[in-house]
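Quick note: numbers below take in every heavy atom, side chains included, and nothing from hydrogens, waters or symmetry partners.
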Amino acid sequence: MASDRNALSLDELRRENADLRKRLDRAERSSRLVLDSALDYAIVVGDMTGRITDWSAGAHQILGWSRDEMLGKSMHRFFTAEDRDMGVPEREIGLAISQGRAIDDRWHLRADGECFWASGLMMPMWDEGHLVGVVKVIRDLTDRVEAEQRRQLHTEQLAQQFQQLAESIPQLVWISDVQGRDLYFNPQWETFSGLSTEQL
């Protein structure tokens, strides 16, 4: 009779263990699906020293290294040589741990050696109240930065063209801001007024 109870109890424990294992597998699959669905973001998980413990599909897509290539490697690998020399990866980990986050906008490296402009956020990772590592999220903003650089260059070129035109025509040209402060006079100002811009 006692052996039947023990056998039944052992069977129940096995069923509970199998059920618990299934739920854990489902939770792990769900976490992996979430991690690998955010393809616009490189999500990199590391231990307290910055050694990589997980690598999302977005990280593969943005940075170029596969998960297998990066597991166990240092996060230093995707920082530029200049940032590594200045201790930026260590500083980010320290800030993430001490202040809860480290935000950066800087150049990072891809597997092929190409640099790209990224907006990054590093945060501490907790497990039941224990600090177990860090999570770094990177977004490639190279297109946005390059578009801004093109816009700025275009604006500078227009300003140069305007100045060349204003200085070559015989008419008086000046620019004021909305408060009425004079910002620019072309060389004809002195001819028309007899005053230099320094006398205004």
Side-chain angles (χ1 to χ4, degrees), residues 14-153:
R14 285 182 179 144
R15 279 196 299 273
E16 285 179 15
N17 190 28
D19 183 51
L20 186 60
R21 195 172 293 128
K22 284 179 189 173
R23 283 187 284 161
L24 187 58
D25 287 346
R26 277 196 301 270
E28 285 177 1
R29 277 197 307 274
S30 178
S31 295
R32 175 53 53 191
L33 285 172
V34 169
L35 193 65
D36 287 343
S37 293
L39 293 176
D40 287 343
Y41 298 88
I43 303 171
V44 182
V45 181
D47 64 16
M48 301 295 288
T49 67
R51 191 80 38 205
I52 296 167
T53 59
D54 209 347
W55 185 263
S56 71
H60 184 185
Q61 182 169 296
I62 291 170
L63 294 162
W65 290 283
S66 71
R67 185 171 186 269
D68 289 341
E69 287 176 292
M70 291 303 282
L71 288 181
K73 302 293 189 303
S74 173
M75 288 183 178
H76 285 68
R77 199 166 190 182
F78 52 80
F79 282 84
T80 64
E82 296 80 10
D83 283 347
R84 289 192 302 267
D85 290 344
M86 291 189 301
V88 171
E90 294 83 3
R91 195 164 51 246
E92 275 195 21
I93 291 171
L95 279 173
I97 291 168
S98 67
Q99 298 183 12
R101 63 180 45 217
I103 299 171
D104 72 353
D105 292 313
R106 64 173 20 94
W107 294 103
H108 280 71
L109 288 175
R110 298 190 207 278
D112 62 5
E114 176 191 6
C115 283
F116 70 101
W117 186 260
S119 177
L121 170 65
M122 189 178 287
M123 299 160 288
M125 187 171 62
W126 299 87
D127 183 12
E128 296 183 358
H130 299 287
L131 186 59
V132 294
V134 291
V135 178
K136 183 166 176 78
V137 180
I138 300 169
R139 182 139 196 221
D140 182 353
L141 297 181
T142 309
D143 290 345
R144 189 182 302 176
V145 169
E146 288 176 348
E148 175 59 26
Q149 288 172 340
R150 284 193 299 273
R151 188 198 63 76
Q152 189 174 349
L153 179 62

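One distance of note links CZ of Phe79 with CG of Asp85; it measures 13.0 Å at 0.5 Å rounding. Rounded to the nearest 0.5 Å, atoms CG (Leu131) and CE (Met48) are 3.5 Å apart. Rounding to the nearest 0.5 angstrom, the gap separating the CZ atom in Arg84 from the CZ atom in Arg77 is 10.0 Å. If you take CD1 on Ile52 and CZ on Arg67, they are separated by 11.0 Å, rounding to the nearest 0.5 Å. With rounding to the nearest 0.5 Å, the separation of OG in Ser74 from CZ in Arg51 is 5.0 Å. Rounded to the nearest 0.5 Å, atoms CG (Asp54) and CG (Asp47) are 12.5 Å apart.
Residues Thr80 and Cys115 form a side-chain contact, since some pair of their non-hydrogen atoms from C-beta on lies under 4.5 Å apart. Side chains of Phe78 and Lys136 form a contact here, defined as non-hydrogen atoms less than 4.5 Å apart. The shortest side-chain heavy-atom distance between Ile93 and Met122 falls under the 4.5 Å cut-off. Ile62 is not listed as a side-chain neighbour of His108, based on a closest heavy-atom distance of 4.5 Å or more. In this structure, Val44 and Val135 have side chains that are not in contact, with every pair of non-hydrogen atoms separated by 4.5 Å or more. Considering only heavy atoms from C-beta on, Pro89 stays 4.5 Å or farther from Met75 through its side chain. Looking only at side-chain heavy atoms (C-beta outward), Glu114 and Leu109 stay at 4.5 Å or farther from each other.
For the pair Pro124 and Gly100, the tightest heavy-atom approach, listed with the atom from each and the gap, is CD-O, 3.2 Å. Taking every heavy atom of both residues into account, Ala96 and Ala102 meet most closely at N-CB, 4.0 Å.
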For this session: Given salt bridge (Lys or Arg N to Asp or Glu O under 4.0 Å), test Arg101 with Glu92 step by step and report yes or no.
Result: CA-CA 8 Å; Arg101 63 180 45 217; Glu92 275 195 21; over 6 Å; no
For this session: Take Glu69 and His60 through the side-chain hydrogen bond (donor to acceptor under 3.5 Å, both in side chains) test and state the conclusion after the steps.
Result: CA-CA 10 Å; Glu69 287 176 292; His60 184 185; 5.5 Å; no
Problem set entry | Derivation and outcome, side chain to side chain contact (heavy atoms under 4.5 Å, CB included), residues Leu63 and Met70 | CA-CA 11 Å; Leu63 294 162; Met70 291 303 282; over 6 Å; no
Problem set entry | Full working for salt bridge (Lys or Arg N to Asp or Glu O under 4.0 Å) between Asp140 and Arg110 | CA-CA 11 Å; Asp140 182 353; Arg110 298 190 207 278; 2.8 Å; yes
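Between the side chain of Asp104 and the backbone N or O of Gly120, at least one donor-acceptor pair lies under 3.5 Å.
Taking the six-membered ring where tryptophan is involved, the planes of Trp55 and Trp65 are perpendicular, since the angle between them exceeds 60° and thus also 30°. Between Trp107 and Trp117, the angle of the ring planes goes over 60°, which puts this pair in the perpendicular group of the 30/60° scheme.
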